[in-house]
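This report concerns only the one structure given below.
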Amino acid sequence: MSGARPPADPARARASLAAHAWPVPLLAALARLAAGGHRAYLVGGSVRDALLGRPDGARWDVASDLEPAEVQARFARVEPTGLRHGTVLVLEPGAEIECTTFRREAGYRDARHPDAVTFTDDPVADLARRDLTVNAIAFDPLAGELLDPFGGLADLAAGVLRAVGDPLARFREDALRPLRVARLAATLEMEVAPATRAALGQVGGRLAGVSMERVRDELERMLTARRPSRGLELLREAGLLEAWLPELAATVGVPQNRWHAYDVWTHSILSCDEAPENDRSVRWAALLHDLGKPGTRAERDGQATFYGHAALGATLADALLERLRMPRAARERIVTLVREHMFDYRPEWSDAAVRRWLRRVGEDAVEALFELRRADARAHGPERRSPQGLERLAERIARVRAATHARSLRDLAVDGRDVMRVLGLPPGPRVGEMLSALLEEVTEDPAANTREHLLARLAARASGHDPA
């Protein structure tokens, strides 16, 4: 775990939490929940992250003895996000609070939701249903009361993730929990207790009941870690890659050539580590950029080759991300990076070739593509190679951008209305084809991007005198 470890001693932990700068709107909401002799505690990640000194989140987890209808009566804006399970979302200016009634649970036939929920006034019984000891700590900042019935403070201080009670029982209740453990191991930089680690891959057929949106969200959060490879390695070890990321699982153990020190899997997760933490699309692309290698590997003269792996990898990445219900724009950006990551710049490229390359990859993807290339190079081996030619290509791009005024259809001196008027075309694909042909011409010769010249080209095309 990075940074100083929080105190295991309850008195010191209580003092640390009491000194935390809890937002005023949150404290006011807790006071309103506690009015009339009721109880309300911060729980889960809200307490854990405060003890770890991590930045406050946008939403706070609260457990209370009030039932949902009673919570709704105390606030003006409340969304009934899970009434059957005792959960509502309180929306106060400056604070979003997910408030759940103290409860006991029984039966999880869908590997996600309890079959039966019983409300209780016992906060310890409520903590007993939680997944990990570090998430089963409760704190009331108004009364200064701290509850830690399962040793979460000691585990937090030791940097250990441990299930509350029987790990297998916890994971069978919600089959996403093994993935959450892997994500927390990465983001919190903590180790997983042996018994908990051994149970990660034992949820079996219950994985099929987990929605892919939930899987995606956990993976997205894992990719914000300093080293996502910690969590990804746990998934591989537990056999969970095959269930959720089979295309990535296929890279495990696939040997490369003399330019790589690692197999495709290890290189992929190390590339992900090397990618910028604040650019999730590059992190995804770094993780997935070599998906095509298992399917294109061939031996030539004793060396492995992977011709066409970028194109195949883009197809596989697209299928994987679509299965995870990745939003279309994000998916297309990641797939573009995977498809284009093998670009091979040569100094002899003409300016027109640079312009065509920019059009193909998309100008807004260039820096992300450079970051992917850097991450890829640094993950080749312990020597952390630097990519070749990026600086020279960046200089060429800067010069071309400064000298070129038409890099996309919207930069042309004519538009679709001009095409339809001169050629007598209705709206449709042919208009776009004509504009693309004109853009190709001005890509070769930027000076051709004048309204007079392009209208003349269209008129020649209309009269049948255009040699193109």
Side-chain angles (χ1 to χ4, degrees), residues 281 285 292 308 310-319 321-322 326-370 372-373 392-468:
S281 63
L312 177 58
T315 299
L316 294 172
D318 192 47
L321 295 170
E322 187 172 22
M326 183 73 72
R328 181 176 178 178
R331 186 178 87 240
E332 290 178 349
R333 179 175 175 82
I334 296 164
V335 170
T336 295
L337 296 176
V338 173
R339 185 181 62 246
E340 301 293 343
H341 82 274
M342 288 295 291
F343 67 90
D344 183 23
Y345 169 70
R346 304 293 177 87
E348 57 265 29
W349 278 14
S350 66
D351 284 354
V354 174
R355 288 191 287 269
R356 288 192 186 93
W357 183 80
L358 287 172
R359 281 175 49 199
R360 186 178 74 246
V361 304
E363 295 221 20
D364 63 344
V366 170
E367 185 52 40
L369 198 55
F370 279 22
L372 174 57
R373 191 62 163 262
R392 292 192 296 274
L393 177 55
E395 292 169 1
R396 289 290 303 280
I397 290 172
R399 290 201 300 270
V400 165
R401 283 172 168 166
T404 304
H405 301 290
R407 298 193 295 269
S408 67
L409 295 181
R410 64 178 176 270
D411 297 326
L412 287 173
V414 296
D415 59 21
R417 288 169 297 187
D418 295 314
V419 173
M420 290 186 286
R421 176 176 54 81
V422 175
L423 296 182
L425 292 175
R430 283 287 292 160
V431 176
E433 291 170 8
M434 291 298 103
L435 289 171
S436 294
L438 294 176
L439 181 59
E440 180 62 26
E441 180 175 338
V442 301
T443 296
E444 191 67 32
D445 179 13
N449 189 33
T450 67
R451 183 169 178 79
E452 180 182 16
H453 175 81
L454 295 182
L455 288 175
R457 295 290 285 154
L458 289 172
R461 180 70 60 92
S463 65
H465 295 139
D466 185 355

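Position 1 is the first residue of the sequence; numbering continues from there. On a predicted model such as this, the values are computed, not experimentally measured, just so you know.
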Nearest 0.5 Å, what's the [atom1]-[atom2] distance between [X] and [Y]?
X: Arg373; Y: His341; atom1: CZ; atom2: NE2; value: 8.0 Å
X: Asp351; Y: Glu444; atom1: CG; atom2: CD; value: 10.0 Å
X: Leu454; Y: Asp415; atom1: CG; atom2: CG; value: 11.0 Å
X: Asp445; Y: Arg355; atom1: CG; atom2: CZ; value: 8.0 Å
X: Leu458; Y: Met420; atom1: CG; atom2: CE; value: 12.0 Å
X: Asp318; Y: Met326; atom1: CG; atom2: CE; value: 11.0 Å

Relative to Tyr345, does Arg396 satisfy both conditions: NZ or CZ under 6.0 angstrom from the six-membered ring centre, and within 45 degrees of the ring's axis? no
Looking at Asp418 and Arg451, is any side-chain nitrogen of the basic one under 4.0 Å from a carboxylate oxygen of the acidic one? yes
Check Glu395 with Arg392, please: is the shortest side-chain N to carboxylate O separation under 4.0 Å? no
N/O donor-acceptor pair under 3.5 Å between [X] side chain and [Y] backbone:
X: His453; Y: Thr450; result: no
X: Arg331; Y: Glu322; result: no
X: Asn449; Y: Asp411; result: yes
X: Arg339; Y: Leu312; result: no

How are the rings of Trp349 and Trp357 set relative to one another: parallel (under 30°), tilted (30 to 60°) or perpendicular (over 60°)? tilted
Just by distance, with hydrogens left out, do Arg333 and Ser281 show a side-chain donor and acceptor under 3.5 Å apart? yes
